[in-house]
Every structure is written in structure tokens, then in C-alpha cells.
Amino acid sequence: MRLVTWNVNSLKARMPRVEEWLANLQPDVLCLQETKLSDAAFPAMAFQALGYESVHFGQGQWNGVAILSKVGIEAVRYGFMEGLEVGAPIDDYVAGVLAEARLITATCGGVEVSSVYVPNGRSVDDPHYGAKLVWLDRLREQLSRTTHPARPVVVMGDFNIAPEDRDVWDPAKFTGSTHVTPEERAKLAELEQWGFTDAFRHLYPQDHLYTYWDYRAGDFHMHRGMRIDLVLATAPVIDRLTWSIVDRNARKGKLPSDHAPLMIDIV
DNA sequence: ATGGTAGAGGATCTA
């Protein structure tokens with residue numbers, strides 16, 4: 001079974017690349033982030049023609065997450081449940097971020113899959129940064145309420161967090177920035193303490209392995225990237241894990257996303 | 001010189 005996560009940075013702009021890539025790689029499950037589409041505009045029929053069922057949680061203009069599957073889509077949940085309370089007290093701004101289209105969950109082929117687009121945070125002195133930390137608390141609480149680490153669970157997507165300094169091309173360049181702060185990394189660590197393993201890192205300990213490269217200044221060709229797209233998987237999935245890869249070829253060529261697809265295969 | 005590009009929408013905001 002092949003599962004993939006890909007921040008496409010506008011599915012409208014990326015659809016030709018996504019269709020070509022799907023036909024070539026044939027994953028069983030594809031999680032998308034940043035579709036930037038309303039649900040009405042989501043091209044479910046085009047994906048159906050390629051053999052995929054799909055569910056989408058969109059809001060137009062920004063955000064938007066989806067799950068495509070060839071192995072069924074059951075028990076779909078859109079965003080967060082009511083009644084979650086962990087994390088700092090929230091104001092209207094944080095509540096607004098929590099309500100955005102950044103999380104969709106479904107069961108595909110017996111695996112509980114979530115496609116996540118974690119808030120960027122912008123800068124550490126921006127309200128968006130606080131909202132990012134609360135968002136990660138809510139994700140953990142929802143998982144603890146709705147599932148269990150003894151079950152096959154995968155949370156994959158754009159976490160907008162580099163787990164370690166070696167997950168950015170030059171740690172010195174990121175001093176004082178979001179994506180690398182101890183607070184963000186602590187939220188990731190709490191998810192791992194609950195029962196997740198970083199599947200790609202579990203297989204590949206090497207440095208200089210990235211999933212995102214800024215469009216600007218030729219960063220991709222200069223190997224100036226960040227590993228901020230992750231597959232978090234529980235032990236029943238890690239036990240079945242055979243390999244993982246970042247498809248850098250999808251970052252090349254005409255009109256690429258700034259993120260590459262991250263894939264895992266499980267037996 | 002705090003730069004650069006891409007995508008939203010149609011002036012700037014977001015990443």
C-alpha cells in the first residue's frame with residue numbers, strides 16, 4: 001500500500017502536474033494540502049476518471065485539504081470536533097484559524113489517514129504563531145479522543161515545522177524564525193510521545209533531505225530546502241513500513257509546487 | 001541593497 005502527501009500550492013494551478021504524477025506513481029492514498037479551492041470547484045470527477053474516490057475540505061482562496069483513495073474512504077471527519085479544550089485560552093483570532101480548512105480525516109484500506117496543513121505561524125511575534133501552537137494541541141487532543149496508538153494511524157501533511165536543525169539547509173539562517181522554535185518542536189515531540197514515529201526519518205538518517213524549497217533565489221537548484229512535510233505513523237504502520245522517498249522530480253520542470261510529494265510504502 | 005518567486009485576486013496578502 002502506497003501513501004503520499006503533497007502540498008500542491010493551488011490544485012487549480014497544479015492539476016496537470018498532479019494528474020500526470022498520479023498516473024505514473026499510482027499511490028493508493030494521496031493527501032493534498034493547499035488546494036486553494038472551494039468544495040464546489042474541487043475536481044472530484046477528474047480524479048474519479050483516474051480511479052480515485054476523493055473527499056475535500058476547502059474554503060477557496062487559501063488552505064484546503066483533501067484525501068484521494070483507491071482503497072475506499074470511510075468515516076470522514078472535516079476539521080476539529082466541538083468541545084476540544086487543550087492549549088492556551090483562545091480568542092476570536094485563534095478560533096478563526098482553528099475553523100480553517102486545514103484537517104481532513106478518513107479511513108482508507110484499514111488505515112486511519114489525516115491530511116494536515118498546519119498553520120504557518122508567519123513570525124514568532126505574530127498572533128498566527130500562537131494559533132499554530134494551539135492548532136497542534138487540538139490535533140493531539142482530537143487524536144487521543146478518536147483513536148489509539150495501537151491502531152494503524154497516519155497523520156501526513158505540511159507541518160510547517162522542521163523537527164531538527166539538520167532539517168533546514170542552514171540553521172543559522174533560521175535563528176529567530178518560525179518552523180524551528182523549541183515550542184513548535186515540543187508540539188511535534190508531544191505527538192511522537194502519544195505514539196507516532198516520523199516515518200521518513202525512521203528509514204533515512206541522512207542529512208540534506210528536504211521536502212520544500214522556496215521558489216525564490218533558485219533555492220531548489222542550490223539545495224536550500226527544509227524538511228517540513230512529514231508522515232507521522234503509529235507502530236502498527238511502522239511495523240509494515242518498507243520504504244519512503246521524497247519525489248524531487250516533481251519539484252523540477254514546468255510550473256512545479258514549492259513542495260515535493262513524500263511517499264511511504266507499507267506491506 | 002533584508003533582495004528573490006508564485007498564487008490568490010484584481011490592491012495587496014500569503015507563503
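Here is the naming used below: chain letters follow the sequence lines, and residue numbers restart at 1 for every chain.
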| Looking only at atom P, what distance separates B:dT14 and B:dG9, rounded to whole Å? | 14 Å
List every contact pair, protein side and nucleotides 6-10 of chain B side both N or O, where the distance is under 3.5 Å.
unit_1: B:dG7; atom_1: OP1; unit_2: A:Arg14; atom_2: NH1; d: 3.0
unit_1: B:dG7; atom_1: OP1; unit_2: A:Arg14; atom_2: NH2; d: 3.3
unit_1: B:dG7; atom_1: O3'; unit_2: A:Ser10; atom_2: OG; d: 3.3
unit_1: B:dA8; atom_1: OP1; unit_2: A:Ser10; atom_2: OG; d: 2.3

| task | List in chain and number order the residues that pass side chain to side chain donor-acceptor pair (under 3.5 Å) with A:Arg224, two or more places apart in sequence or in another chain; answer none if no residue qualifies. | result | A:Asp219
| task | Calculate the interatomic distance between A:Asn63 atom CG and B:dT14 atom C1'; express it in whole Å. | result | 10 Å
| Pairs satisfying ring-ring contact (aromatic ring centres under 6.0 Å, His included), at least one member in residues 13-56 of chain A, at least two apart | A:Trp6-A:Trp21, A:Phe42-A:Phe47, A:Phe42-A:His56
| Contact class for A:Phe220 (heavy atom, under 4.0 Å): base, sugar-phosphate, or nothing? | nothing
| Once you round to the nearest 0.5 Å, how far does CG of A:Asn7 lie from CZ of A:Arg14? | 9.0 Å
| message | Please report the distance separating the P of B:dA1 from the corresponding atom of B:dA11, rounded so that it comes out in whole Å. | response | 33 Å
| task | Can you tell me the distance, in whole Å, between the CZ atom of A:Arg224 and the P atom of B:dT5? | result | 13 Å
| request: Sort and list the pairs that fulfil salt bridge (charged side-chain N to carboxylate O under 4.0 Å, His left out) and have at least one residue in residues 98-123 of chain A, not counting sequence neighbours. | output: A:Glu100-A:Arg102, A:Glu112-A:Arg151
| message | Starting from A:Val267 and following side-chain heavy-atom contacts under 4.5 Å between hydrophobic residues (I, L, V, M, F, W, Y), which residues can be reached? | response | none
| C1' spacing across the pair B:dG7 / B:dT2, given as an integer number of angstrom | 23 Å
| request: Please answer whether the main-chain N or O of A:Tyr129 pairs with a side-chain N or O of A:Asp126 as donor and acceptor at a distance below 3.5 Å. | output: no
| remark: A:His221 atom NE2 is separated from B:dG4 atom P, nearest whole Å, by 18 Å
| Nearest-nucleotide comparison on DNA chain B, the residue closer to the 5′ end among A:Asn120 and A:Arg216 | A:Arg216
Got a list of protein N/O to nucleotides 1-3 of chain B N/O distances below 3.5 Å?
none

| request: Find the distance between CG (A:Leu209) and OH (A:Tyr204) and round it off to the nearest 0.5 Å. | output: 9.5 Å
| said: Would you call the rings of A:Tyr210 and A:Trp213 parallel, tilted or perpendicular, taking 30° and 60° as the class edges? | reply: perpendicular
| query | How many Å lie between CE on A:Met226 and P on B:dA15, as a whole number? | reply | 14 Å
| Roughly how many Å is it from CG in A:Asp214 to P in B:dA15, rounded to a whole number? | 13 Å
